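Working notes, beginning with the structure itself.
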Amino acid sequence: MRAVSLLSEAKTATAKTTISRATVLYAQSSSETHANGGFHPSENLYIPLVHACRTTQQLKQIHAQLFVHNLSQSSRVITQLISTCSMFKSMEYALLIFRHFHDPNSFVFNSLIRGLCESSQFENSIGHFILMLRLNVQPDRLTFPFVLKSVASLVADGFGGLLHAQTIKYGLDLDSFVRISLVDMYVKLCSLDFALQLFDETPERNKLESILLWNILINGCCRAGDLRKARELFDAMPDRNTGSWNTMVNGFVKQGELEQARTFFDRMPGKNVISWTTMISGLSEKGYHEQALDLFYRMLGEGVRPNDLTIASTLSACAKIGALEAGVRIHEYVSRHGFRLNQTVGTALVDMYAKCGKIERASQVFNETVEKGLLTWSAMVSGWAIHGCSKQALQCFNAMKSAGIYPDEVAFLAVLTACSHSGLVYPGRSIFNSMRDDYFIEPNVKHYTCMVDLYGRAGQLEEALSFIRSMPIEPDFVIWGALFCACRAHKNIKMAELASERLLQLEPRHPGSYVFLSNIYAGVGRWEDVERVRITMKNRGIEKPPGWSYIEVAGQVHSFVAGDKDHECAGEIYAKLEEISASARAQGYIPNTESVLHNIEEEEKEDALGSHSEKLALAYGLISTPLGMALRIVKNLRVCGDCHSMMKYASELSQREIILRDIKRFHHFKEGMCSCGDYW
DNA sequence: CTAGGGTTAG
């Protein structure tokens with residue numbers, strides 16, 4: 001019999017299973033004997049068997065046997081089958097089993113409602129609760145927590161009060177777990193007043209439940225943005241645990257109050273891995289990448305073991321500032337401590353290597369990653385895209401579809417970006433169309449921007465403009481900006497002015513609007529107009545965001561802003577810059593003054609250009625690393641035309657590879673050439 | 001072993 005082979009598999013799978021072949025044979029014979037008796041001693045033997053299952057296939061074998069042995073209507077075994085299905089994330093099969101069960105009781109319903117909730121099928125979970133009521137099956141204290149969680153997750157406001165009423169009807173509203181779930185639900189539905197009221201009315205609680213309820217409420221205040229109320233509650237708490245402190249730290253982080261978060265974090269006793277991860281990912285999310293890295297190392301120093309999420313957050317900080325050496329160190333830590341290359345860790349590593357300029361290494365880790373999910377594939381596609389490897393990006397995208405992964409809007413954006421960087425107008429358009437036609441994904445504003453970029457870079461400006469006019473959504477600032485850049489690159493002043501007008505209408509306070517406008521005037525030498533724009537900006541108190549660049553030297557990240565004189569080696573940096581500039585000029589480099597915002601004397605313009613942050617980072621890299629070593633620079637804005645040109649000369653003169661990442665993509669400079677083919 | 005519940009990272 002199949003059960004025997006299943007049993008032997010089950011026995012190897014778990015040491016807990018100690019059923020013998022004889023008991024299974026007994027199970028079979030006894031179920032035949034008691035076929036219609038309503039009492040099946042064999043149920044007691046099938047239940048541990050279900051628990052021993054390790055695959056859905058094995059569950060199916062048991063389900064089949066239940067039919068053979070007239071046990072298919074045993075609610076005890078079916079309950080077990082359904083919950084095990086939920087554990088395996090095969091809710092479709094769980095639903096099938098449920099449909100073949102004639103007279104479900106509360107146990108069967110509870111396991112199904114719970115499984116559906118835990119696999120995020122919230123509507124379905126609520127739907128089965130309603131079915132339960134309709135069939136007059138009484139819900140109990142274990143039904144409500146999951147239904148309430150489903151309602152909270154859906155933010156289904158309408159159901160909240162109804163369910164609360166139901167708990168009262170069944171006399172369960174005072175049950176401690178039901179009550180905690182109710183408060184949590186009201187918090188998530190943003191009905192803080194109801195939550196507080198329930199909290200106040202809650203009678204005698206044990207200490208643990210009490211702390212939990214306080215934490216839930218504090219979290220609710222944080223979500224609602226009421227940090228003062230959160231603090232008040234926190235201060236009023238009779239007892240606190242690590243979770244209470246973590247909730248506060250998280251609340252401050254989410255509201256962007258990093259300093260407050262840090263104060264709480266530093267003050268809290270007994271930090272656990274969640275405390276550290278919350279703080280690290282918060283710092284990284286808000287742009288304090290170096291601090292995030294420092295904190296990670298401090299965490300290791302204090303002997304706290306990071307988990308997958310800590311690793312992913314820290315790697316993401318490395319990725320943002322191009323800290324390759326730090327990233328490699330973390331990769332080594334990951335390998336040494338036996339982390340599996342699962343979706344979380346694998347994807348973070350792929351992304352880190354791609355964004356730190358090591359696309360081949362990214363591809364290697366991608367191949368080693370055992371659980372490739374949608375995010376892993378998307379990271380790889382976008383990695384190829386930012387490196388300008390459109391062929392690989394398209395191949396990867398197709399391989400992803402072949403692997404049975406449905407691309408989402410992010411994956412489509414990545415592959416479209418690849419097309420736009422390489423001027424692949426035809427494949428780009430066809431992918432854009434297939435998005436709606438084959439995958440029923442409605443393109444969002446970013447996809448439209450990408451298409452404008454695709455036509456625009458390829459010089460098809462009219463096409464780009466008519467595309468904008470035919471869009472079903474209102475073109476925004478970014479879309480007109482893309483058109484504007486294309487116009488500037490292809491010297492279409494008339495259309496550039498049109499785009500620029502729109503930009504100013506849409507975002508009169510956005511510094512970009514002015515920079516764009518000033519750029520066209522500068523391009524055609526209308527300096528009085530450039531000056532006018534500059535004065536308008538100043539009068540309206542609008543400032544251009546500073547451009548900064550990062551370079552990592554010996555594991556230490558150095559950042560520069562334009563005209564920066566703060567670095568300890570400033571003197572040497574400027575001397576080196578002067579030197580490269582002179583040699584480059586001797587080789588034919590002409591400073592491209594179109595990229596300057598102000599009308600200043602030619603010589604001064606050169607100075608302003610000459611101290612752009614990426615040039616400072618370049619000079620620092622040249623003086624502080626061994627000859628021949630590649631330089632990796634990250635810039636937060638797009639690289640300007642003049643710096644791009646200078647980098648080409650510098651790579652030739654210094655005989656070094658320079659890998660510059662700007663906000664859009666990578667530029668690999670080698671022997672006077674750039675991988676973008678000057679098309680960016 | 002008729003299942004089994006809640007907050008804080010993502």
Side-chain angles (χ1 to χ4, degrees), chain A residues 16-17 19 40 43-52 74-87 104-115 117-118 140-149 152 172 175-185 187-188 195 205-206 208-223 230 233-234 237 240-254 261 264-265 268 271-285 306-314 316 343-345 347-348 375:
Chain A
K16 264 171 66 182
T17 315
I19 327 158
H40 297 280
E43 285 181 340
N44 294 336
L45 297 159
Y46 269 99
I47 287 164
L49 210 54
V50 172
H51 276 273
S74 152
S75 62
R76 296 178 63 204
V77 185
I78 292 297
T79 300
Q80 289 287 353
L81 267 179
I82 291 177
S83 12
T84 314
C85 278
S86 314
M87 259 165 51
N105 61 10
S106 66
F107 290 100
V108 174
F109 266 114
N110 285 354
S111 62
L112 187 68
I113 289 170
R114 169 174 184 238
C117 174
E118 285 181 347
D140 59 26
R141 57 195 293 272
L142 293 162
T143 316
F144 281 103
F146 294 110
V147 188
L148 290 168
K149 194 175 175 186
L172 294 166
D175 176 88
S176 65
F177 276 111
V178 172
R179 187 151 273 250
I180 286 171
S181 300
L182 276 171
V183 172
D184 184 47
M185 178 195 70
V187 157
K188 290 193 174 132
R205 306 171 282 252
N206 69 43
L208 209 80
E209 281 169 0
S210 165
I211 295 183
L212 185 56
L213 262 182
W214 282 93
N215 291 353
I216 290 172
L217 266 187
I218 291 174
N219 185 235
C221 297
C222 292
R223 277 167 180 251
L233 285 168
F234 182 83
M237 279 178 88
R240 304 180 185 96
N241 62 12
T242 306
S244 323
W245 288 91
N246 287 350
T247 304
M248 288 303 289
V249 172
N250 178 49
F252 285 125
V253 163
K254 287 287 138 69
F264 267 74
F265 176 80
M268 77 176 280
K271 301 178 185 62
N272 63 11
V273 64
I274 296 180
S275 329
W276 289 93
T277 310
T278 306
M279 200 62 229
I280 291 171
S281 67
L283 285 168
S284 170
E285 232 164 71
N307 63 19
D308 289 2
L309 291 166
T310 327
I311 296 289
S313 304
T314 314
S316 145
Q343 187 169 180
T344 309
V345 176
T347 306
L375 295 177

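All values derive from a computational prediction rather than experimental measurement. So you know, we letter chains A, B, ... as the sequences are listed, proteins then strands, and number each from 1. What you see below is based on every heavy atom in this structure, not just the backbone, and it leaves out hydrogens, waters and symmetry mates.
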With a non-hydrogen cut-off below 4.0 angstrom, is [X] in contact with a base, only sugar-phosphate, or nothing?
X      : value
A:F144 : nothing
A:R114 : sugar-phosphate
A:N110 : base
A:I274 : base
A:S111 : nothing
A:E285 : sugar-phosphate
A:K271 : nothing

What is the distance from [atom1] of [X] to [atom2] of [N], rounded to the nearest Å?
X      : N      : atom1 : atom2 : value
A:N219 : B:dG10 : CG    : P     : 12 Å
A:L81  : B:dA3  : CG    : C1'   : 13 Å
A:K254 : B:dT8  : NZ    : C1'   : 10 Å
A:E118 : B:dG6  : CD    : C1'   : 12 Å
A:I180 : B:dG4  : CD1   : P     : 18 Å
A:L233 : B:dT7  : CG    : P     : 18 Å
A:R76  : B:dG4  : CZ    : P     : 15 Å
A:F177 : B:dA3  : CZ    : C1'   : 14 Å

Given [options], identify the nucleotide with an atom nearest to the side chain of [X].
X      : options              : value
A:D175 : B:dT2, B:dG5, B:dT8  : B:dG5
A:H51  : B:dG6, B:dT8, B:dC1  : B:dC1
A:R141 : B:dA3, B:dA9, B:dG5  : B:dG5
A:K188 : B:dA3, B:dG10, B:dT7 : B:dT7
A:T79  : B:dT2, B:dG6, B:dA9  : B:dT2
A:D140 : B:dG5, B:dA3, B:dT8  : B:dA3

Distance-only donor-acceptor test (3.5 Å): side chain [X], base [N]:
X      : N     : answer
A:D184 : B:dG5 : no
A:N307 : B:dA9 : yes
A:N215 : B:dT7 : yes

P atoms of B:dT7 and B:dA3, separation to the nearest Å: 22 Å
Whole-Å P distance, B:dC1 and B:dG5: 13 Å
Test log, rule side-chain hydrogen bond (donor to acceptor under 3.5 Å, both in side chains), inputs A:N272 and A:N246: CA-CA 9 Å; A:N272 63 11; A:N246 287 350; 3.3 Å; yes
Is the shortest side-chain N/O distance from [X] to OP1 or OP2 of [N] below 4.0 Å?
X      : N      : result
A:S281 : B:dG10 : yes
A:Q80  : B:dA3  : yes
A:K149 : B:dT7  : no

Distance in Å, A:C222 SG paired with A:L217 CG, rounded so as to fall on 0.5 Å steps: 11.0 Å
Separation between CG of A:N110 and CD1 of A:I82, rounded to the nearest 0.5 Å: 10.5 Å
Expected output: side-chain A:S111 to main-chain A:V108 donor-acceptor under 3.5 Å: yes
A:S181 side-chain N/O to A:F177 backbone N/O, donor-acceptor pair under 3.5 Å: yes
Partner set under ring-ring contact (aromatic ring centres under 6.0 Å, His included) for A:F146, not counting sequence neighbours: none
Qualifying residues under ring-ring contact (aromatic ring centres under 6.0 Å, His included), relative to A:F107, sequence neighbours excluded: none
